[in-house]
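First comes the structure, then the notes that go with it.
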Amino acid sequence: MRPDRYNARESEPHWQRIWDERKIFESRNDDARPKYYVLEMFPYPSGRIHMGHVRNYAMGDVVARYMRARGYNVLHPMGWDAFGMPAENAAMQSGAHPATWTYANIDTMRRQLKSMGLSLDWSREIATCDPSYYKHQQRIFLDFLKAGLVDRKTARVNWDPVDQTVLANEQVIDGRGWRSGALVEQRDLTQWFFKITQFAEDLLEGLDTLDQWPDKVRLMQRNWIGRSEGLRMRFAIAPDSRLPAQSDIEVFTTRPDTIFGASFLGLSVDHPIVRALAEANGKLKSFCDECRRIGTSAAVLETTEKQGFDTGLKVLHPFDDAIALPVYATNFVLMDYGTGAIFGCPAHDQRDLDFANKYGLSKTPVVCPPGVDPASIKIGKEAFDGDGLLINSRFLDGKSIDEAKEEIACKLESRELFGRPQGQRQVNFRLRDWGVSRQRYWGCPIPVVHCDACGVVPVGASDLPVVLPQDVDFKTPGNPLDRHPTWKHTTCPQCGGAARRETDTMDTFVDSSWYFARFTDPWNTEEPTNLPAISKWLPVDQYIGGIEHAILHLLYSRFFTRGLRTTGHADLDEPFKGLFTQGMVVHETYRAGDGSWLAPNEIRIESAAEGRKAYALAGGAEIEIGSIEKMSKSKRNTVDPDEIIGTFGADAARWFMLSDSPPEGDVIWSEEGVQGVARFMQRVWRLVGDMKTIAAPAGSGRPAEFDEAAMTIRKAAHNALAKVEDDIVRLRFNRCIAHANELVNKLGQTIGSIESPQIGAGLAFACREAAEALVMIIAPMMPHLAETCWADLGCEDLVSLASWPAADRSLIREDVITLPIQINGKKRAEVVVPRDADETTIRSIVLADDAVRKAIDGRQVKRVVIVRERIVNVVV
RNA sequence: GCGGACGUGGCGAAACUGGUAGACGCAAGGGACUUAAAAUCCCUCGGGCACCCCCCGUGCGGGUUCGAUCCCCGCCGUCCGCACCA
């Protein structure tokens with residue numbers, strides 16, 4: 001007995017169980033069909049999934065299910081980005097061990113993801129906090145170390161003196177630790193680094209090959225890498241101010257052409273020369289300390305004035321000994337870019353101009369914009385950095401900027417100063433090496449030991465993994481690994497003497513930099529990956545995730561892939577062939593009179609012609625409907641996927657997530673919207689039932705003749721198939737859904753107008769064909785409803801295993817077409833013409849048309865523009 | 001400040017990137033069925049008007065074109081990224 005209503009709550013677990021038992025989504029590495037690897041960014045196991053996950057995984061699942069139907073061997077795995085701070089914070093607050101907390105969260109979230117009906121290969125599940133995963137990460141670290149891709153050097157870090165840990169830049173808010181609130185100090189610590197800068201050029205060039213990435217992301221990475229070509233040049237210190245150990249100062253500049261506009265040298269307060277001078281100069285020292293204290297956060301930089309401290313040193317202009325330039329210690333020159341020193345040319349650099357104005361330094365214009373009289377140039381508050389010709393520059397006068405740059409570079413390169421060339425061309429990058437040391441417990445241990453006799457010694461491969469100790473306490477601040485009573489004491493792999501383990505763990509971005517590769521052979525106990533599996537599956541054909549990872553995660557993964565290649569673990573450069581960044585899930589906010597936020601399930605909406613109003617469920621007070629914002633706990637505008645799935649079903653949640661907005665944009669979750677989806681689902685269920693009563697049995701042959709109703713149905717079905725095919729591969733899910741809606745509308749209308757005596761073989765076949773097409777079309781998005789309909793229609797096996805019925809595009813081509821007719825660019829009429837009509841025929845049909853003649857109204861026809869199968873424009 | 005994106009009905013959006021602007025959905029209004037409600041079905045739904053005609057309309061002002069949401073120039077506004085990188 002076919003129920004009147006489709007019951008998602010019964011149906012969804014039923015099909016999930018069948019999919020699970022038959023393991024139909026597990027992919028094999030020895031499957032010979034063409035591969036397709038679709039991957040969504042794996043989640044951090046924070047506790048529960050949120051609607052953003054639902055959207056992300058719904059998108060990936062559509063792609064996976066569609067490509068499977070198209071005959072591909074699809075890899076669609078899932079795992080957990082399971083190391084990280086929140087687990088330690090939870091341990092500090094509740095006392096639960098990070099591992100216990102993390103695995104409990106994973107269990108919850110796995111159940112939630114399974115309730116979404118995702119076609120995932122759970123047999124490949126990995127968790128980065130598992131020793132079976134991080135063992136291989138340690139191996140990769142050691143291989144990178146051996147290959148010279150790892151460095152250990154001192155670096156300036158944000159140090160939280162209360163928590164006794166290093167903080168990332170984004171964890172420092174207004175100069176204070178985000179958790180402790182303590183004033184953050186800048187400390188020089190010895191840290192581990194991945195030498196990502198070694199691949200700077202390659203990472204930049206590789207972007208050009210990533211034509212299936214959003215331009216926006218490529219641009220962001222390009223800017224982040226920040227390549228610039230310039231010149232290192234040395235200035236001799238004037239003899240009377242020369243220091244004992246220092247005869248010259250080297251600067252980096254991208255504008256050597258402006259050398260005759262130079263009026264000072266600016267040095268970072270951390271420049272060795274400044275440091276040395278500060279030893280003997282208390283005022284300079286306190287200036288430097290003050291600059292360091294203020295820090296470099298964005299908000300601070302906005303308001304901080306350019307400041308300098310005259311060191312008393314003078315340097316000689318490289319092309320005129322008679323010019324001596326003052327040397328300042330400044331707060332705006334960075335030590336870790338270029339040489340930590342610049343020459344300032346106020347006329348053509350805004351920062352230098354600000355500085356010069358403050359300290360009354362000269363500002364000679366040396367580039368004259370085209371069409372401007374050099375004598376008329378006045379330098380006020382705005383520096384000119386545009387193009388022009390050189391002036392006031394002696395031998396450079398009249399040259400272009402590029403010619404002048406070239407000339408200065410050649411001159412200085414071929415000239416010696418104190419026994420070395422005075423200039424050297426250099427390409428500089430904004431990109432810095434990737435510091436991976438974290439003074440935390442819940443991360444992958446860095447597998448080296450420190451031996452007093454042998455120094456830093458890698459742990460032997462057979463001793464991996466270096467496993468985190470279980471018995472740790474989080475009551476005291478600092479690194480639990482460091483204060484663990486026994487864990488760090490070990491013996492040196494080299495000399496056998498007493499040694500200490502490295503107690504830093506790796507940045508969790510390391511964990512996510514190669515997980516996509518591990519999925520290709522997650523069972524491998526010996527190696528991180530193996531080349532046949534890598535070659536088979538990588539690159540990921542379609543990677544889907546949030547734009548917030550546009551730089552770090554994606555850049556690190558690209559670096560790692562190059563590193564894996566260098567160390568023989570992989571054989572490609574670019575891990576992600578296609579990238580898609582989906583938008584956020586946003587929701588209205590609700591605010592009570594007292595300013596407190598209410599959750600969507602605490603209010604009731606009433607809508608009428610005058611507008612919508614919200615009332616509190618408790619008490620009934622009217623609630624202000626606020627702006628639409630990203631779902632967040634603080635604004636309480638979240639909805640819980642479990643509740644939505646429990647009420648409307650996973651299919652409804654998935655469909656709505658894909659329906660309303662283009663996938664790269666934000667989608668507004670609304671109760672009304674998801675109710676609309678629920679109505680749609682019942683409509684599909686009824687329609688399939690209606691069509692079934694007409695439809696021929698499954699597998700019936702195609703008759704030779706189709707009547708008009710049958711043709712209408714067939715055309716609608718094939719038209720929808722064709723449009724969905726075009727849109728789904730471009731991830732335009734919102735359009736796919738519009739096509740599905742149109743098909744349902746069309747089929748409903750046509751079926752509704754059929755009188756039962758009319759039903760012949762043609763119509764029966766068309767109904768069977770169209771009903772199956774409809775089910776196939778919705779299946780990637782609403783797999784459970786689709787399975788139920790598929791079974792109801794008596795189709796073979798599962799729709800999840802069925803092949804996509806390729807659209808017959810010849811059916812969509814009409815023999816006669818309706819052409820819109822414009823008179824002087826405005827649409828005035830339509831005519832029906834044969835598709836293959838030539839221009840003369842069309843012209844005469846158009847000009848004979850009553851509506852056209854009326855619109856022309858006797859005026860002279862000057863021209864008739866005919867665009868084939870598109871439009872006709874009559875110019876009068 | 002630099003770089004980028006975007007502006008279309010009451011709302012989310014379509015429009016094959018130069019060819020019928022507003023598909024599809026949400027909300028709203030009217031009607032049918034019903035004792036009633038829900039569900040379902042039908043109609044209307046950018047603005048104006050003399051309402052089967054016609055005029056206006058894709059942030060604003062120009063331009064190119066037979067024809068512009070789309071291309072060009074100049075404004076206005078919103079959002080995002082980077083942030084003293086010499």
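Chain identifiers are assigned alphabetically (A, B, ...) following the order of the sequence lines, protein sequences preceding nucleic acid strands; residue numbering begins at 1 within each chain. Values below: all heavy atoms of this structure, side chains included; hydrogens, waters and symmetry mates excluded.
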_Without decimals, in angstroms, what is the distance between A/Lys827 NZ and B/rG19 P?_
16 Å
*A/Phe656/A/Phe648 aromatic ring centres below 6.0 Å*: no
*Fit a plane to each ring of A/His348 and A/Phe384, take the angle between them on a 0 to 90° scale, and name the class: parallel (under 30°), tilted (30 to 60°) or perpendicular (over 60°).*
perpendicular
Quick one: which protein N/O atoms are closer than 3.5 Å to N/O atoms of nucleotides 68-74 of chain B? Pair and distance per line, please.
none

*Roughly, in whole Å, what's the span from CG in A/Asp352 to C1' in B/rC84?*
10 Å
*Test applied, ring pair (Phe, Tyr, Trp, His ring centres under 6.0 Å); reference residue, A/Trp434; option that passes from A/Trp224, A/Phe199, A/Tyr556*: A/Tyr556
*Distance, P atom - from B/rU69 to B/rC76, rounded to whole angstrom*: 23 Å
*asked:* Using side-chain contact (heavy atoms from CB on, under 4.5 Å), reason through A/Gln307 and A/Phe287 one step at a time and then give a plain yes or no.
replied: CA-CA 9 Å; A/Gln307 283 181 36; A/Phe287 172 79; 3.9 Å; yes
*Consider only side-chain N and O atoms of A/Lys363 and A/Asn357, and report whether a donor and an acceptor are under 3.5 Å apart.*
yes
*When you measure from the side chain of A/Arg863 to the backbone N and O of A/Val876, does any donor-acceptor pair fall under 3.5 Å?*
no
*Distance between the P atoms of B/rA86 and B/rC80, in whole angstroms?*
26 Å
*Answer yes or no: are there more than 12 heavy-atom neighbours, outside A/Glu382 itself, under 6.0 Å from its atom CD?*
no
*Specify the separation, in whole Å, of atom CD of A/Glu382 and atom C1' of B/rG1.*
10 Å
*Kindly state whether the ring of A/Phe260 and the ring of A/His317 have centres lying under 6.0 angstrom apart.*
yes
*Does the side chain of A/Asp433 come under 3.5 Å of the side chain of A/Thr197 through a donor N or O and an acceptor N or O?*
yes
_Taking syn as a glycosidic torsion within 90° of 0 and anything else as anti, which one is B/rG25?_
anti
*Atom pair distance, as rounded to whole Å: CG in A/Asn741 and C1' in B/rA14*: 13 Å
Table of protein N/O atoms under 3.5 Å from nucleotides 39-41 of chain B N/O atoms:
residue : atom : partner  : partner atom : Å
B/rU40  : O3'  : A/Arg686 : NH2          : 3.4

*How does each nucleotide of nucleotides 3-13 of chain B score, in 5' to 3' order, for protein heavy atoms under 4.0 Å: base (B), sugar-phosphate only (S), or none (-)?*
SS-------BS
*SB check A/Asp850 A/Arg828 (cutoff 4.0 Å)*: no
*Which atom names give the shortest non-hydrogen contact between A/Leu785 and A/Tyr6, and what distance separates them?*
N-OH, 3.3 Å
Nucleotide N/O to protein N/O under 3.5 Å, stretch nucleotides 47-52 of chain B:
none

*Give A/Arg732 one of three labels, base, sugar-phosphate or nothing, depending on what nucleic acid heavy atoms sit under 4.0 Å from its own.*
sugar-phosphate
*asked:* Regarding A/Val333, tell me which of base, sugar-phosphate or nothing describes its non-hydrogen contacts under 4.0 Å with the strands shown.
replied: base
*Taking the C1' atom of each, how far is B/rC70 from B/rG10, in whole Å?*
26 Å
*A/Arg612 and salt bridge (Lys or Arg N to Asp or Glu O under 4.0 Å): which partner among A/Glu671, A/Glu588, A/Glu606?*
A/Glu588
_Taking any heavy-atom pair under 4.0 Å as a contact, classify A/Gln350: base, sugar-phosphate, or nothing._
nothing
_Distance in angstrom units between A/His271 NE2 and B/rA86 P, rounded_ = 17 Å
*Whole angstrom is fine here: how far is it from CE in A/Met584 over to P in B/rC79?*
12 Å
_Contact nearer the 5' end of RNA chain B, comparing A/Ser670 with A/Gln749_ = A/Ser670
*Is atom CZ of A/Arg853 surrounded by more than 12 heavy atoms (other residues, nucleotides or ligands) closer than 6.0 Å?*
no
*Going by distance alone, is a donor N or O of one side chain under 3.5 Å from an acceptor N or O of the other, for A/Tyr359 and A/Thr330?*
no
*Any side-chain N or O of A/Asn745 under 4.0 Å from OP1/OP2 of B/rG25?*
yes
_Whether the A/Gln424 and A/Arg232 side chains hold a donor-acceptor pair (N or O, under 3.5 Å, no angle test) is what I'd like checked._
no
*How far does the C1' atom of B/rU44 sit from the matching atom of B/rA27, given to the nearest Å?*
14 Å
*Determine the interatomic distance between P on B/rG67 and the same-named atom on B/rA21; round to the nearest Å.*
14 Å
_Taking the cut-offs as 6.0 angstrom to the six-membered ring centre and 45 degrees off its axis, would you call A/Arg55 and A/Trp669 a cation-pi pair?_
no
_How many whole angstroms separate atom CD of A/Glu742 from atom C1' of B/rG25?_
11 Å
*Closest listed nucleotide, where the reference is the side chain of A/Asn331 and the choices are B/rG81, B/rC84, B/rC82*: B/rC84
*asked:* Please compare A/Ile547 and A/Gly226 by the position of their nearest nucleotide in RNA chain B and report the one closer to 5'.
replied: A/Ile547
All N/O pairs under 3.5 Å across the protein-nucleotides 56-66 of chain B interface:
residue : atom : partner  : partner atom : Å
B/rC56  : OP2  : A/Lys826 : NZ           : 2.9
B/rC66  : OP1  : A/Arg863 : NH1          : 3.4
B/rC66  : O2'  : A/Asn873 : ND2          : 3.1
B/rC66  : O2   : A/Asn873 : ND2          : 2.6

_Chi-angle category of B/rC51 [syn within 90° of 0, anti beyond]_ = syn
*Presence of salt bridge, A/Glu229 and A/Arg425, under 4.0 angstrom*: no
*Do A/Asp726 and A/Arg809 pass the salt bridge (charged side-chain N to carboxylate O under 4.0 Å, His left out) test, and can you show the C-alpha distance, the side-chain angles, and the key distance before you say yes or no?*
CA-CA 12 Å; A/Asp726 292 342; A/Arg809 288 176 194 245; 3.3 Å; yes
*Identify whether the distance between the nearest side-chain nitrogen and carboxylate oxygen of A/Asp349 and A/Arg255 falls below 4.0 Å.*
no
*How far, in whole Å, is B/rA50 from B/rC33 if one measures between their C1' atoms?*
38 Å
*Which is true for A/Ser228 with a 4.0 Å heavy-atom rule: it touches a base, it touches only sugar-phosphate, or it touches nothing?*
sugar-phosphate
*asked:* Mind checking if A/Gly676 touches a base, just sugar-phosphate, or nothing, with heavy atoms under 4.0 Å?
replied: sugar-phosphate
*Dot-bracket summary - RNA chain B, pairs being Watson-Crick or G-U whose distances fall under 3.5 Å, with | when paired to another strand*: (((((((..(((......[....))).(((((.......))))).(((.....)))..(((((..]....))))))))))))....
*Nearest-Å distance once atom C1' is located in both B/rG9 and B/rG25*: 14 Å
*Measure the shortest side-chain to side-chain distance between A/Val217 and A/Leu554 over non-hydrogen atoms and say whether it is less than 4.5 angstrom.*
yes
*asked:* I'd like to know if the side chain of A/Gln749 pairs up with that of A/Asn745 as donor and acceptor (distance under 3.5 Å, no hydrogens or angles considered).
replied: no
*Pairwise C1' distance, B/rU8 and B/rG57 [rounded to whole Å]*: 10 Å
*Report the distance from atom CD of A/Glu629 to atom P of B/rC79, rounded to the nearest whole Å.*
12 Å
